[in-house]
Amino acid sequence: MPRAPEHERVEFRRKAIWLIASRAAISTLLLGSAILGQFRAPGTLPMDPFAALIGITFALTVLYLVLLPVIERRRWLVDVQLGIDALIVSAFIYVTGGVTSFFAPLYVLPIIAGSILRQRRGGVLVACVSAAAYAGVVGLQYLGPPGSLEIHWFEDASFILLPPARVAEYTVALNVFWFFALAVMAGYLAESLRSAGARLEQASHEIADLQAFSQHIIDSLISGLATTSPEGQILTFNRAAATITGHVVTNVLRKTIFEVLQLPADYEQSLHLSFEGTKGRRLDYQYTRSDGTVIELGLVASPLTMGNGRGGFLFTFQDVTETRRRDREMRMQQRLAALGEMAAGIAHEIRNPLASMAGSIQVLREELPLTEE
């Protein structure tokens, strides 16, 4: 026999314990009612057999509790339990007047329990046992040998007057109809509840998977991401944010984003005042990590819009220290290149007249008779 899933076994165990506890509670209630009735009107109930049946019920309850691990593996034992419950109810009816007994509604309890534990099949099975047992008690009361079902446990049995056979037949038929109607209805409701529970569990798993997937995406971002309440308290802080700032995620939750990210006071004020629209605000500033290292952060804050309005702020930020260093080096190289071009141009402009002058001097040296002076 294949092993049931863990959640099904836990649910079945919970229902079985509920059934055992309910059986004990109902038996205690019946015993207390019988004792109270005896005090108020002695002889109303046959206490000896009545108490004996309640004692048997208590003993079976203890036995079912001891055998609970076995019952979990062999579910058919639940059907046996419920069938025995129906027979015990029939015994109560037997000792309290048969067709005139006011304990017939007790059949409802094992039928409902069967529907809850074993769905429609269990409810219908218990209804069949209950109908057969109830019809047997009433039939033996009317069709059996004289005195075969005579009640001897009442001190005064003169008040037990059997109704006409037609009335008894109608009573049995009506009760049997209600047994099966209740079994079908309770079984349908139990199956619907089980189906709804399965769908709810599946939806819960899907939501959990979606949340895990969303969290995985957020933690996989290379940019720091934090969400806050309208007052600025941090609600989420992803892995990259913790790496960039050097903080531990659990230590920053419920702190204010302005304290954790060391935002300037004027930026905090402008943040609250300028979020009438949906445009974000950018800020580049120096941030001191928890280990004392100074880095440059590039941060963008934008409103976090929910279905019922703005729900807080969304902060995304990156460590732009290396990027800013490269930008500075690039700008320096551009300046040096421009300076080199300018120097080359100046040298070119100076070299041209110097070349002309040198040529002229050479001609004059060859044509003019010059002294050493």
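Residue numbers run from 1 in the order of the sequence given. All heavy atoms count here, side chains included; hydrogens, waters and symmetry mates do not.
Smallest separation of non-hydrogen atoms from S223 and A240: O-CB, 3.5 Å. A104 approaches N175 most closely through the heavy-atom pair CB-ND2, 4.4 Å.
Checking Y107 against S90 by side-chain atom types alone, a donor-acceptor pair falls below 3.5 Å.
The list of side chain to side chain donor-acceptor pair (under 3.5 Å) pairs with a residue in residues 207-216, not counting sequence neighbours, reads Q215-D219. Screening residues 237-251 for side chain to side chain donor-acceptor pair (under 3.5 Å), with sequence neighbours left out, gives H247-Y287. Within the structure, salt bridge (Lys or Arg N to Asp or Glu O under 4.0 Å) pairs that include any residue of residues 83-99 comprise R23-D85 (at least two apart or interchain).
Counting heavy atoms from C-beta outward, L106 and I88 have side chains that stay 4.5 Å or more apart. Contact annotation: the side chain of L314 approaches that of L225 to within less than 4.5 Å [non-hydrogen atoms, C-beta and beyond]. Put simply, the side chain of T171 reaches to within 4.5 Å of the side chain of Y134, judged on heavy atoms. Side-chain atoms of S115 and Y188, non-hydrogen and from C-beta on, never get closer than 4.5 Å to each other. Contact of the L263 side chain with the L283 side chain is registered, since non-hydrogen atoms from C-beta on lie closer than 4.5 Å. Side-chain contact between F179 and V126: absent, with no pair of heavy atoms (C-beta onward) separated by less than 4.5 Å. You'll find the side chain of D327 reaches within 4.5 Å of the side chain of T323, heavy atoms only. Looking at L109 and V89, their side chains never come closer than 4.5 Å, going by heavy atoms from C-beta outward.
Note: Q233 CD to L253 CG = 10.5 Å, rounded to the nearest 0.5 Å. The CD1 atom of I295 sits 4.0 Å away from the CG atom of D319 when rounded to the nearest 0.5 Å.
The side chain to side chain contact (heavy atoms under 4.5 Å, CB included) test with L299 is passed by exactly one of V320, L261, T316: L261. Put simply, the residue from T256, V252, V249 that forms a side chain to side chain contact (heavy atoms under 4.5 Å, CB included) with I234 is V252.
Residues M185 and V108 do not share a hydrophobic cluster, clusters being chains of Ile/Leu/Val/Met/Phe/Trp/Tyr side chains in contact below 4.5 Å. Residues I244 and L235 fall into different hydrophobic clusters, defined by Ile, Leu, Val, Met, Phe, Trp and Tyr side chains chained together at heavy-atom separations under 4.5 Å. Hydrophobic clustering (ILVMFWY, side-chain heavy atoms < 4.5 Å, transitive): I84 and I112 are in one cluster.
Shown here are the ring pair (Phe, Tyr, Trp, His ring centres under 6.0 Å) partners of F237, two or more places apart in sequence or in another chain: there are none. F315 pairs by the ring pair (Phe, Tyr, Trp, His ring centres under 6.0 Å) definition with nothing, not counting sequence neighbours. Applying the side chain to side chain contact (heavy atoms under 4.5 Å, CB included) test to V184 and every residue at least two apart in sequence or in another chain returns nothing.
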Side chain to side chain donor-acceptor pair (under 3.5 Å) assessment of R325 paired with T321: CA-CA 6 Å; R325 184 187 65 79; T321 305; over 6 Å; no
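One N or O on the side chain of Q262 and one on the backbone of T288 form a donor-acceptor pair closer than 3.5 Å.
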